[in-house]
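First the structure, in the form of structure tokens, and then the observations on it.
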Amino acid sequence: MADPIYRAPKGTRDILWPDSARRRALIDRFAEVVGTAGYTEVVPPMFEHLEVFQRLGDATEVVRKEMYDFEDKGGRRVALRPEQTASVVRAFAQHRPTPPWKTWYAGPNFRYERAQKGRFRQFDQVGVEALGPEDAHLDAEVIALAWRFYQALGLRQVGLQLNSLGGPGDRARYIETLRDYLTAHREELTEESLATLEANPLRVLDSKRDGDAEVIAAAPNILDHLSDEASAHFDRVREALDTLDITYTVVPSLVRGLDYYVRTTFEFTSEALDAAQDAIGGGGRYDGLAAEMGAPATPGVGFALGVDRTLLACDAEGVFGGPTGVIDVFVVDTTGGHEALRLTDLLRRSGLRVDRAWDDRSMKAQMKVADRSGATLAVIVGTEELDAGEVALRDLRGDTGQETIAVGNLLDVLRERLR
RNA sequence: GUGGCCGUAGCUCAGUUCGGUUAGAGCACCUGGUUGUGGUCCAGGAAGUCGGGGGUUCAAAUCCCCUCGGUCACCCCA
């Protein structure tokens, strides 16, 4: 392609129609679904003080190398948000809405990394956060919302993986047990995993490298290291999901990348996607995060779903197709355009979707544009019609021909025909 | 951050192996065939610094180097 002077920055892209319409429809659908459970929208800023995101964990990739951080003109260290949970919890700490605070969001996040299929430097997520209750049924509600949303899109091949990391104490104890185990088997681990082991033993379990598979399979199971409370919480989540007929797989190695997670964690994967990026959503509990942001200790649970990946999954399953027509009526005017100007305005004010031709082109050319527009009807104004105070109405989607009607009747006739 | 593959009209691509006349095709676009009527068909037209820079050569889309971009994978995650 001839290189344009400028192109969208690396890892970003322009979303044009019809993709933009599909993205909008997905977000609208999400708002509908979570609206049925009383979640209200929150719109946090797209950047925060760097410290807000450093709460995600110093050892996480997101914080270590993927942060879009910079110094603003006032000398403040700020960063584009790599995810929205931290921002939402910060907003909770700042505004102290009365718990339970159940909120949803949709918008872009930013991570500095190399793009690949389903992964961009700017990417949209939709998600919910629910702060206040510790009730395991809230975990189930949150998971169920994501599940119902996928169903509403028509997705059938979505898998739910579930795990519990236990409370903060369980988690810390397990990490030591795991570190000991992995260290004892360091000879059998890949080089990459040895590096991960230093920084964050839990995430070694996340490795997809074949060389690590055996060691990971035989690793101590976190579910055997849960406190009674954490274990009971997990059981209650599972019972709730069973009650709701939501199928899941317990995956003890599911640890997820952010350090704030405790107790319930979960991830949604599309079985229809064969790309490496098959995780289409995930979330969990973060009971300690609000306190870290300066709020009174407040439990929280939520999820984030990747808009792009969800749409990829929809493509793979052939559901949630593109938008239908954008125009109902197309006005063709070969008398100079004044009638087109007047009629489009008249019809639009009545709520019809109307477009017209420009540049006073030939009727043939205007008819071609009318056809391409996807409109169902063409209103044609030629000199004969103009003189007689009439317009021709032509069906563009069938072969029923055309009729001549008085301009005064146009709106009524169109409404009838478009019914 | 690491590695593989790929950059030729708006889009999808041929041509690159063994360098050589004005760089091609399909789709899309424009005009005409049809002095008023689209969707099919026919004819014609417009459209390309062959991603960019440097080098080798009488001659480079084609060979070499660098660079930018895309893509896929690793890492990690949505």
Side-chain angles (χ1 to χ4, degrees), chain A residues 1-13 16 56-57 59-66 82-85 107-127 146 190-193 195-196 199-200 203-204 206-212 254-258 267-270 273-283 303-313 330 332-335 357 359 361-375 377-386 392-399 401-402:
Chain A
M1 99 182 56
D3 251 1
I5 300 176
Y6 299 116
R7 48 173 64 245
K10 196 176 176 67
T12 70
R13 76 270 198 236
L16 276 56
L56 305 179
T60 62
E61 296 279 321
V62 169
V63 171
R64 254 184 34 243
K65 71 171 194 189
E66 296 174 0
E83 56 118 54
Q84 280 169 264
T85 301
N109 303 315
F110 307 84
R111 292 183 195 173
Y112 190 88
E113 55 187 344
R114 277 179 63 165
Q116 68 188 71
K117 194 174 187 63
R119 193 174 77 180
F120 303 94
R121 288 186 172 182
Q122 176 177 332
F123 61 101
D124 285 306
Q125 283 185 334
V126 295
T190 60
E191 232 175 277
E192 293 91 336
S193 285
T196 308
N200 191 339
R203 283 189 303 110
V204 174
D206 246 349
S207 166
K208 294 173 193 162
R209 291 171 288 268
D210 290 341
D212 298 319
L254 179 72
V255 295
R256 304 190 49 73
L258 302 171
E267 197 163 287
F268 297 97
T269 55
S270 168
L273 286 178
D274 53 2
Q277 314 299 334
D278 66 346
I280 58 176
F303 65 71
L305 314 181
V307 170
D308 305 300
R309 290 191 190 173
T310 301
L311 287 172
L312 284 176
F330 195 95
V332 167
D333 177 0
T334 56
T335 67
D359 295 333
R361 299 219 277 156
S362 72
M363 176 166 289
K364 174 173 175 160
Q366 291 194 43
M367 286 303 296
K368 281 187 78 129
V369 179
D371 186 49
R372 279 201 307 261
S373 77
L377 294 168
V379 170
I380 303 169
V381 184
T383 45
E384 287 174 26
E385 289 84 356
L386 184 63
L393 191 59
R394 185 176 180 83
D395 176 12
L396 293 172
R397 297 300 145 224
D399 46 8
Q402 69 186 52

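We name chains A, B, ... by the order of the sequence lines, and we start the count at 1 in each one.
In this structure, A/D308 and A/R13 have side chains that are in contact, with non-hydrogen atoms separated by less than 4.5 Å. Residues A/M367 and A/I380 have side chains in contact (heavy-atom distance under 4.5 Å, counting atoms from C-beta outward).
Checking side-chain atoms of A/R111 against main-chain N and O of A/P82 turns up a donor-acceptor pair under 3.5 Å. A/E267 places no side-chain N or O within 3.5 Å of a backbone atom of A/G282 that could act as its donor or acceptor partner. Not a single donor-acceptor pair under 3.5 Å links the side chain of A/E83 to the backbone N or O of A/N109. A/R309 places a side-chain N or O within 3.5 Å of a backbone atom of A/A279 that can act as its donor or acceptor partner. The backbone N or O of A/R114 lies less than 3.5 Å from no partner atom in the side chain of A/R121, so there is not a single donor-acceptor pair.
Separation of the C1' atoms belonging to B/rU40 and B/rG24 is 27 Å when rounded to the nearest angstrom. Across B/rG3 and B/rG48, the matching C1' atoms stand 33 Å from one another, rounded to whole Å. One P atom belongs to B/rA60, the other to B/rG20, and the distance between them is 11 Å to the nearest Å. Here, B/rG32 and B/rG38 have their C1' atoms 16 Å apart, quoted to the whole Å. Using P as the reference atom, B/rU22 and B/rA43 are 27 Å apart when rounded to the nearest Å. Taking atom C1' in both B/rU21 and B/rA61, one finds a spacing of 16 Å when rounded to whole Å. Comparing the same atom, C1', in B/rC63 and in B/rU57 gives a spacing of 10 Å after rounding to whole Å. On the P atoms, B/rG4 is 15 Å away from B/rC64, given to the nearest whole Å.
Rounded to whole Å, atom C1' of B/rG33 lies 12 Å from atom NZ of A/K368. Rounded to whole Å, atom C1' of B/rA78 lies 4 Å from atom CZ of A/R309. When rounded to the nearest whole Å, the span between OH of A/Y112 and C1' of B/rG1 equals 10 Å. For the pair A/M363 CE and B/rU37 P, the computed distance is 7 Å after rounding to whole Å. What separates CD1 of A/I380 from C1' of B/rG38 is a distance of 9 Å, to the nearest Å. Rounded to whole angstrom, the span from the CG atom of A/L312 across to the P atom of B/rA78 amounts to 16 Å. In this structure, A/K364 places its NZ atom 11 Å from P of B/rU40, rounding to the nearest Å. One can place CD of A/E113 at 15 Å from P of B/rU2, the figure rounded to the nearest angstrom.
For A/R119 and B/rA73, the shortest distance from a side-chain N or O to OP1 or OP2 is not below 4.0 Å. For the pair A/R372 and B/rC30, the criterion of a side-chain N or O lying under 4.0 Å from OP1 or OP2 is met. Within the structure, a side-chain polar atom (N or O) of A/Q116 is placed less than 4.0 Å from OP1 or OP2 of B/rA73.
With respect to the salt-bridge test (charged N to carboxylate O, under 4.0 angstrom), the residues A/D371 and A/R397 qualify.
A/D124 CG to A/L305 CG: the interatomic distance, rounded to the nearest 0.5 Å, is 12.0 Å.
With a cut-off of 3.5 Å on both pairing distances, the Watson-Crick or G-U wobble partner of B/rG45 is B/rC29. Remark: B/rU34 base-pairs with no nucleotide in the shown strands. Criterion, Watson-Crick or G-U wobble with two distances under 3.5 Å. Summarising the base pairing, B/rA14 is matched to no nucleotide, lacking a Watson-Crick or G-U wobble pair whose two defining distances lie under 3.5 Å. Remark: B/rA73 base-pairs with B/rU2; criterion is Watson-Crick or G-U wobble with both hydrogen-bond distances under 3.5 Å.
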List every contact pair, protein side and nucleotides 67-70 of chain B side both N or O, where the distance is under 3.5 Å.
residue, atom, partner, partner atom, Å
B/rG69, O2', A/R7, NH1, 3.4
B/rG70, OP2, A/K10, NZ, 3.1

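Taking the nucleotide of RNA chain B with the nearest heavy atom to each of A/F120 and A/T334, the more 5' of the two is matched to A/T334. Nearest-nucleotide assignment on RNA chain B puts the 5′-proximal partner with A/A365, out of A/A365 and A/E384.
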